[in-house]
2 protein chains.
Amino acid sequence: MSSVTSAPLGDTVRRLSSEERREQILRAALAVFGARGYVGTTTDEVAKAAGVSQPYVVRLFGSKESLFLAALAMALEDLLAAFRAALEKDGDLPPTTRIGRAYVDLLRVRGLHQTLAHAYLLGGHPVIGPAARRGFAQVWRFFREEAGMDVDEAHRHMAEGMLISTMIGLRLVDDYDGDDSISEIFQSCFPTQLTHVLEMIPRGDEPW
Amino acid sequence: MSSVTSAPLGDTVRRLSSEERREQILRAALAVFGARGYVGTTTDEVAKAAGVSQPYVVRLFGSKESLFLAALAMALEDLLAAFRAALEKDGDLPPTTRIGRAYVDLLRVRGLHQTLAHAYLLGGHPVIGPAARRGFAQVWRFFREEAGMDVDEAHRHMAEGMLISTMIGLRLVDDYDGDDSISEIFQSCFPTQLTHVLEMIPRGDEPW
DNA sequence: GTCTATACCAAGATAGAC
DNA sequence: GTCTATCTTGGTATAGAC
């Protein structure tokens, strides 16, 4: 990625290669899609977040739909890469626990969990639906075939993941201090990484 | 509900009271919101599904936003009512299992699970966000205070619920026959109610 | 590679008749 | 209580210059 081939030497503020721009726009798109959902996102907001013009993001990706598909694909790659890294890296914790940690650490990739969750709810969409199903099945297969979980364990991890994504998307933290039942559920979800999570999670005052 | 006060006697095809219309439109709205999400839903599609005109649904609810809030409130009422009924009705199964079954049976209320899931992802929305958080906390409190679950049990039920909602929204059934990993996860989610579920679940060929 | 200007359409909301 | 007609906004996508 990001090999500079076309930019002439000596440019002070050189234009980026389209590869670099794609990556930059995709990161912005992931954050915005996560916060607003597929339909709720405007290509203009993505453009603003990436610091380019709206027609340019359409130009680069063809359409909002393809942009979403690309962001979704990137999110899944990031997810599986993080899972594989957690699996290979050895440590005192069992592999299954390391994978769970990795999932929570992915909070630092803005919009990842929420964009996946949004995609998962778009099963009725003619083109996003099938892509989302493939992605979901891919994660399941990772649990079963690469991580070596049995059906029950894979099931529990999936369920746990969905709950975590939900709590991120809900911005449950916003009410963390005022509501006892909310701090209770929060603690039950992040028994070990709570402080860490509270720092990384998006809040009401920031759009994403 | 639905006490007829204003319609004159003798009308053959009498106009419905606004209470009746509200209910009818809300049911339609729940189905459409579930399939398309909040932003993806048009008031016109809701109107068509309910058999009335688009301006009329806006007239009756004030705005699309209030319509969504009303549908969300109805979904939560239905959910908690079903849980309470399952809890009170005695049977051979443990209460906790009866509640789980009740959740799956709610599949017959079109769009309920998906609308809740969509609302949960809208935490960043200034008015839907807080409503969704209140609803989520309400369910948690039901588990803890009324159903008498401990934190761990409530947590597992929540997670399981989120996974089930995801699979409905994803329309995973659409690939049920072609993909081994999908039928595997499906069976692990609905060990006892599988046939029942396969009958009730929305498919790709129907919009909702 | 990136922008400005703009065409074009879809959708929420309002006015007002019946 | 319910409709038709319409105003208005906002958002995707295209044209075309630099």
Side-chain angles (χ1 to χ4, degrees), chain A residues 1-26 28-29 32-33 35-71 125 127-128, chain B residues 1-26 28-29 32-33 35-71 125 127-128:
Chain A
M1 68 173 89
S2 75
S3 64
V4 182
T5 50
S6 55
L9 301 167
D11 272 22
T12 320
V13 183
R14 70 166 225 287
R15 299 182 305 194
L16 303 174
S17 75
S18 72
E19 264 314 299
E20 289 171 305
R21 275 292 188 221
R22 276 185 69 91
E23 170 86 13
Q24 182 185 22
I25 293 174
L26 278 178
V32 183
F33 280 130
R36 308 237 185 275
Y38 171 59
V39 192
T41 291
T42 69
T43 51
D44 191 54
E45 200 172 0
V46 173
K48 292 231 168 60
V52 297
S53 72
Q54 179 269 330
Y56 190 49
V57 3
V58 172
R59 164 71 78 111
L60 226 40
F61 289 87
S63 68
K64 177 175 152 178
E65 191 179 279
S66 328
L67 174 63
F68 186 81
L69 290 175
H125 185 108
V127 7
I128 297 178
Chain B
M1 69 169 91
S2 77
S3 66
V4 183
T5 50
S6 55
L9 301 167
D11 272 21
T12 321
V13 183
R14 70 166 225 288
R15 297 182 306 192
L16 302 174
S17 75
S18 71
E19 265 314 299
E20 289 172 306
R21 275 293 188 220
R22 277 184 69 91
E23 170 85 13
Q24 182 185 23
I25 293 174
L26 278 178
V32 183
F33 279 130
R36 309 236 186 276
Y38 171 60
V39 192
T41 291
T42 70
T43 52
D44 190 55
E45 201 172 1
V46 173
K48 292 230 168 61
V52 298
S53 72
Q54 178 268 329
Y56 189 49
V57 4
V58 172
R59 164 71 79 109
L60 227 41
F61 289 87
S63 67
K64 178 175 152 179
E65 189 179 280
S66 329
L67 175 63
F68 186 81
L69 291 175
H125 186 108
V127 8
I128 297 177

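Residue numbering restarts at 1 for every chain, and letters A, B, ... go by the order of the sequence lines. Fair warning: this is a prediction, and the values are worked out from it, not measured in the lab. The analysis underlying the following values was restricted to heavy atoms, covering all of them including side chains, and did not include hydrogens, waters or symmetry mates.
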Spacing between B/Asp44 atom CG and D/dA5 atom P, to the nearest angstrom: 14 Å

Kindly indicate whether the side chain of B/Val57, heavy atoms from C-beta on, has any atom under 4.5 Å from the side chain of B/Asp44. no

B/Thr41 and B/Arg36 have their tightest heavy-atom pair at OG1-CB, 3.6 Å

List the residues meeting ring pair (Phe, Tyr, Trp, His ring centres under 6.0 Å) with B/Tyr38, not counting sequence neighbours, and say none if there are none. B/Phe68, B/His125

Taking all non-hydrogen atoms of both residues into account, name the closest pair between A/Gln24 and A/Ala50 and its distance. NE2-O, 3.5 Å

When you measure from the side chain of A/Glu20 to the backbone N and O of A/Ser17, does any donor-acceptor pair fall under 3.5 Å? yes

How close or far is atom C1' of D/dT12 from atom CZ of A/Phe61, stated in whole angstroms? 16 Å

Within-4.5 Å side-chain heavy-atom neighbours: A/Phe61 and A/Thr43: no

Separation of atom CD in A/Gln24 from atom C1' in C/dT2, rounded to whole Å: 12 Å

Side chain of B/Ser63 (C-beta onward), nearest among C/dG12, D/dA13, C/dA13: C/dA13

Quick one: which protein N/O atoms are closer than 3.5 Å to N/O atoms of nucleotides 3-9 of chain C? Pair and distance per line, please.
from: C/dC3; atom 1: OP2; to: A/Ser53; atom 2: N; distance (Å): 2.9
from: C/dC3; atom 1: OP2; to: A/Ser53; atom 2: OG; distance (Å): 2.9

Please confirm whether the shortest side-chain N or O distance from B/Ser18 to OP1 or OP2 of D/dG1 is below 4.0 Å. yes

Whole angstrom is fine here: how far is it from CZ in A/Phe68 over to P in D/dG11? 18 Å

From CD of B/Glu65 across to C1' of C/dA11 the rounded distance in Å is 16 Å

From CZ of A/Arg36 over to C1' of D/dG10, roughly how many Å is that when rounded to an integer? 15 Å

Rounded to whole angstroms, how far apart are CG on A/Leu60 and P on D/dT12? 16 Å

